Enquirer: 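One structure follows; several queries about it will come next.
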Amino acid sequence: MIPFDYRRADDVDSAVATVTGNPRAAFLGGGTNLVDHMKLGIAEPELLVDVTGLPLDRVEELPDGGLRIGTNVRNSDLAAHPLVRERYPVLAQAVLAGASGQLRNLATTGGNLLQRTRCVYFQDVTTPCNKRTPGEGCAALHGYTRYHAVLGASPHCVAVHPSDLAVALTALDAVVRVRRADGERTVRASALHRLPGAHAERDTVLEHGELITAVDLPPLRFAANSRYRKARDRASYAFALVSVAAALDVADGRVRDVRLALGGVAHKPWHATLAEHAMRGGPATVDAFQAAADAELAEAEPLPDNGFKLKLARNMIVSALRGLAGEDAP
Ligand SMILES: Cc1cc2nc3c(=O)[nH]c(=O)nc-3n(C[C@H](O)[C@H](O)[C@H](O)COP(=O)(O)OP(=O)(O)OC[C@H]3O[C@@H](n4cnc5c(N)ncnc54)[C@H](O)[C@@H]3O)c2cc1C
Ligand code: SF4
């Protein structure tokens with residue numbers, strides 16, 4: 001047992017100042033990921049600053065028609081919110097596809113976004129892992145790679161990002177609001193997480209002490225026609241092998257606009273910009289969806305155990321888009 005201190009934050013500024021001033025302090029949301037890591041020996045904070053008492057727990061309508069989700073909105077409440085279900089079904093479906101009812105009751109929006117990879121070698125402190133200890137090596141490179149990345153990996157890390165919520169937020173082009181010691185900044189959801197490059201230890205672009213306060217969903221009318229699909233090894237309580245978040249706007253048989261992101265394929269939620277570009281303005285047909293999926297996956301580099309992810313991703317992209325275009329789409 002490694003001793004640590006626990007403090008409940010009274011206000012945003014002092015929470016940020018406390019964590020910023022102590023490199024061994026960490027924010028605590030629902031604790032469903034961080035506390036596991038403390039038990040496993042992956043994280044050893046000397047101070048936990050519990051932010052769940054801060055008044056950042058509401059879903060509010062924005063003047064432009066979008067929604068602001070406070071960081072402390074619990075995953076269950078987010079998925080059940082009537083405006084989320086009506087305007088952004090992909091988001092409600094993504095949240096419900098993750099974890100279990102009990103975990104979703106505790107897990108927060110900010111904590112979910114910042115959960116760490118489920119790479120088994122990362123979670124096993126007896127194996128080398130550059131994400132845990134930079135420079136140590138990567139056990140997965142010569143290990144079992146069924147669950148690992150096919151896009152954007154590096155020789156330093158081939159892990160995938162685990163959050164379903166983050167994939168939906170990437171597709172929706174949501175904006176993450178961040179408080180730091182010298183003010184506030186915003187980060188697009190698609191730019192929050194990073195590819196590993198030579199720094200596998202860094203999951204996101206956030207600096208130590210930066211607090212997520214909210215996530216803004218843009219007004220996106222066609223997001224009402226959206227869905228989340230997730231393939232996994234068992235029906236619940238499992239992370240994605242591949243997931244697809246898609247929103248589609250079709251008029252007169254042509255794609256007026258489209259949003260697409262993939263989960264389970266890279267170190268970050270994968271914004272499928274090549275596929276989006278290939279589809280915009282073109283016919284809403286199965287052939288066009290297949291061609292778009294192929295364009296997105298052309299640069300994929302599967303590992304020995306996960307080549308199946310390419311076909312799976314292609315099929316899931318086409319199936320999700322076809323469902324949104326109408327099952328009778330040509
Ligand atoms: C068995 C199991 C199965 C699961 N299955 C899935 C799944 O299928 N899909 C899925 O998406 N997830 C899954 N999860 C993960 C679960 O969704 C996360 O554990 C949860 O969302 C984390 O939220 P939390 O509030 O508990 O975060 P915490 O554990 O409290 O925090 C996580 C990280 O975020 C930081 N943090 C928390 N709040 C903030 C903030 N406001 N600003 C800055 N940093 C912050 C913490 O310091 C910590 O580093 C599963 C978890 C378990 C245990
Ligand atoms: S893939 Fe990444 S997280 Fe997994 S062992 Fe290698 S460096 Fe660690």
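First listed ligand is number 1; within each ligand, the first listed atom is number 1. Just so you know, these numbers come straight off a predicted model, no measurement behind them.
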Enquirer: Between N33 and R116 (side chain of the first, backbone of the second, donor and acceptor by atom type, cut-off under 3.5 Å), is there such a pair?
Expert: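 Yes, because the side chain of N33 sits within donor-acceptor range (under 3.5 Å) of the backbone of R116.
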Enquirer: Quick check on H156: does its NE2 atom have over 12 non-hydrogen neighbours (other residues, nucleotides or ligands) under 6.0 Å away?
Expert: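 Yes, because the 6.0 Å sphere around NE2 of H156 holds more than 12 heavy atoms from other groups.
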Enquirer: Are K131 and D203 ion-paired here, with the side-chain N under 4.0 Å from a carboxylate O?
Expert: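 Salt bridge flag = yes for D203 with K131.
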Enquirer: Which protein heavy atom lies closest to atom 7 (C) of ligand 1, and at what distance to 0.1 Å?
Expert: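 Ranked first by proximity to atom 7 (C) of ligand 1 is A99 N, 3.1 Å.
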Enquirer: Count the heavy atoms of every other residue, nucleotide or ligand shown that sit under 6.0 Å from NE2 of H208, and state whether that count exceeds 12.
Expert: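 Result for NE2/H208: enclosed.
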Enquirer: Using the test side chain to side chain contact (heavy atoms under 4.5 Å, CB included), find all partners of L47 that sit at least two apart in sequence or belong to another chain.
Expert: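 L47 satisfies side chain to side chain contact (heavy atoms under 4.5 Å, CB included) with D5, R7, T18, N22, A25, V49 only.
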Enquirer: Purely on distance, is any nitrogen or oxygen of K230 under 3.5 Å from one on ligand 1?
Expert: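 For ligand 1, there is an N or O atom that lies under 3.5 Å from one belonging to K230.
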Enquirer: Do W270 and L195 have side chains that get closer than 4.5 Å, going by heavy atoms?
Expert: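 Yes - at least one pair of side-chain heavy atoms lies under 4.5 Å apart.
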Enquirer: Which atoms of ligand 1 sit under 4.0 Å from any heavy atom of N112?
Expert: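 It comes down to these atoms of ligand 1: 17 (O), 21 (O), 22 (C), 23 (O).
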Enquirer: Can an N or O of L28 be found at a distance shorter than 3.5 Å from an N or O of ligand 1?
Expert: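 Among all N and O atoms of L28, none is under 3.5 Å from an N or O of ligand 1.
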Enquirer: Looking at atom 1 (C) of ligand 1, what's its closest protein heavy atom, distance included?
Expert: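 The closest one turns out to be Y237 CZ, 3.6 Å.
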Enquirer: Can the ring centres of H267 and H161 be said to be less than 6.0 Å apart?
Expert: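 Aromatic pair excluded; centres sit 6.0 Å or further apart.
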Enquirer: Do the non-hydrogen side-chain atoms of D173 and R188 ever get within less than 4.5 Å of each other?
Expert: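 Yes. Closest side-chain heavy atoms under 4.5 Å.
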Enquirer: Where is the nearest protein heavy atom to atom 42 (N) of ligand 1: which residue, which atom, and how far?
Expert: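 Going atom by atom, the protein heavy atom closest to atom 42 (N) of ligand 1 ends up being I212 N, 2.9 Å.
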Enquirer: Counting heavy atoms only, which of T32, L211, T52, L103 comes nearest to atom 26 (O) of ligand 1?
Expert: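 Shortest heavy-atom distance from atom 26 (O) of ligand 1: T32.
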Enquirer: Only heavy atoms of S163, strictly under 4.0 Å: list the atoms of ligand 1 that pass.
Expert: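 Listed by number with element: 11 (O).
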Enquirer: With R177, which residues qualify under side chain to side chain contact (heavy atoms under 4.5 Å, CB included), at least two apart?
Expert: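 Counting only residues at least two positions away or on another chain, R177 forms a side chain to side chain contact (heavy atoms under 4.5 Å, CB included) with R68, E184, T186, T213, A214, D216.
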Enquirer: Consider only side-chain N and O atoms of T109 and N112, and report whether a donor and an acceptor are under 3.5 Å apart.
Expert: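 There is no such pair between these side chains.
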Enquirer: Does the side chain of V35 come within less than 4.5 Å of K39's, by heavy atoms?
Expert: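 They are in contact (side-chain heavy atoms under 4.5 Å apart), so the answer is yes.
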Enquirer: When you measure from atom 12 (N) of ligand 1 to every protein heavy atom, which one gives the shortest distance, and what is it?
Expert: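 So the nearest neighbour among protein heavy atoms is Q115 NE2, 3.3 Å.
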Enquirer: What do you reckon, does G29 have a nitrogen or oxygen under 3.5 Å from a nitrogen or oxygen of ligand 1?
Expert: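 Between G29 and ligand 1, an N or O pair is found under 3.5 Å apart.
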Enquirer: Ligand 1 versus S100, non-hydrogen atoms closer than 4.0 Å: side chain, backbone, both, neither?
Expert: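 Answer for S100: neither.
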Enquirer: Report yes if some N/O of A238 lies less than 3.5 Å from some N/O of ligand 1; otherwise report no.
Expert: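 It does: an N or O of A238 is found under 3.5 Å from an N or O of ligand 1.
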Enquirer: If you measure every N or O of G98 against every N or O of ligand 1, does any of those distances drop under 3.5 Å?
Expert: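 By distance alone, the answer is no.
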Enquirer: Would you list the pairs meeting side-chain hydrogen bond (donor to acceptor under 3.5 Å, both in side chains) in which at least one residue belongs to residues 248-258, sequence neighbours left out?
Expert: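 Sorted pair list: D249-R256, D257-R280.
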Enquirer: With a cut-off of under 6.0 Å to the ring centre and 45° to the axis, is R146 in cation-pi contact with F308?
Expert: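 Yes - R146 lies over the ring of F308, closer than 6.0 Å to its centre and within 45° of its axis.
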Enquirer: So do the side chains of Q290 and R314 get within less than 4.5 Å of each other, counting heavy atoms only?
Expert: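 Touching, per the 4.5 Å side-chain cut-off.
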Enquirer: Considering distance alone, does some N or O of L165 sit under 3.5 Å from an N or O of ligand 1?
Expert: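 Min N/O separation from ligand 1 is not below 3.5 Å for L165.
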Enquirer: Which atoms from ligand 1 have a heavy atom of P162 less than 4.0 Å away?
Expert: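 Going through ligand 1 atom by atom, the ones under 4.0 Å from P162 are 9 (N), 10 (C), 11 (O).
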Enquirer: Quick one: nearest non-hydrogen protein atom to atom 32 (C) of ligand 1, plus distance?
Expert: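 For atom 32 (C) of ligand 1, the nearest protein heavy atom is G111 O, 3.6 Å.
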Enquirer: Please state which option from D36, L56, V167, D164 has its nearest heavy atom closest to atom 9 (N) of ligand 1.
Expert: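 Looking at heavy atoms only, the winner is D164.
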Enquirer: Is R185 paired with E207 through a side-chain N to carboxylate O contact shorter than 4.0 Å?
Expert: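 So E207 does not pair with R185 through a salt bridge.
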Enquirer: Between S76 and N105, is there a side-chain donor-acceptor contact under 3.5 Å, judged purely by atom types and distance?
Expert: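 N105 vs S76: donor-acceptor pair found between side chains.
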Enquirer: Is the shortest N/O to N/O distance between L34 and ligand 1 below 3.5 Å?
Expert: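 Right, the criterion is met.
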Enquirer: Where is the nearest protein heavy atom to atom 14 (N) of ligand 1: which residue, which atom, and how far?
Expert: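 I find the closest protein heavy atom is F239 CZ, 3.4 Å.
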Enquirer: Ignoring waters, how many N, O or S atoms from the protein are under 2.8 Å from atom 2 (Fe) of ligand 2?
Expert: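 Near atom 2 (Fe) of ligand 2, the number of protein N, O or S atoms below 2.8 Å is 1.
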Enquirer: Considering only NZ, NE, NH1 and NH2 on the basic side and carboxylate oxygens on the acidic side, decide whether D13 and R179 come within less than 4.0 Å.
Expert: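 R179 and D13: salt-bridged.
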Enquirer: Indicate yes or no: does an N/O atom of G31 lie under 3.5 Å from an N/O atom of ligand 1?
Expert: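 Min N/O separation from ligand 1 is below 3.5 Å for G31.
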Enquirer: Any idea which protein heavy atom is nearest atom 45 (C) of ligand 1, and the distance to it?
Expert: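 Looking only at protein heavy atoms, the one closest to atom 45 (C) of ligand 1 is L114 CD1, 3.7 Å.
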Enquirer: Just distances here: any N/O of T108 and N/O of ligand 1 closer than 3.5 Å?
Expert: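 Checking ligand 1 against T108, an N or O pair does fall under 3.5 Å apart.
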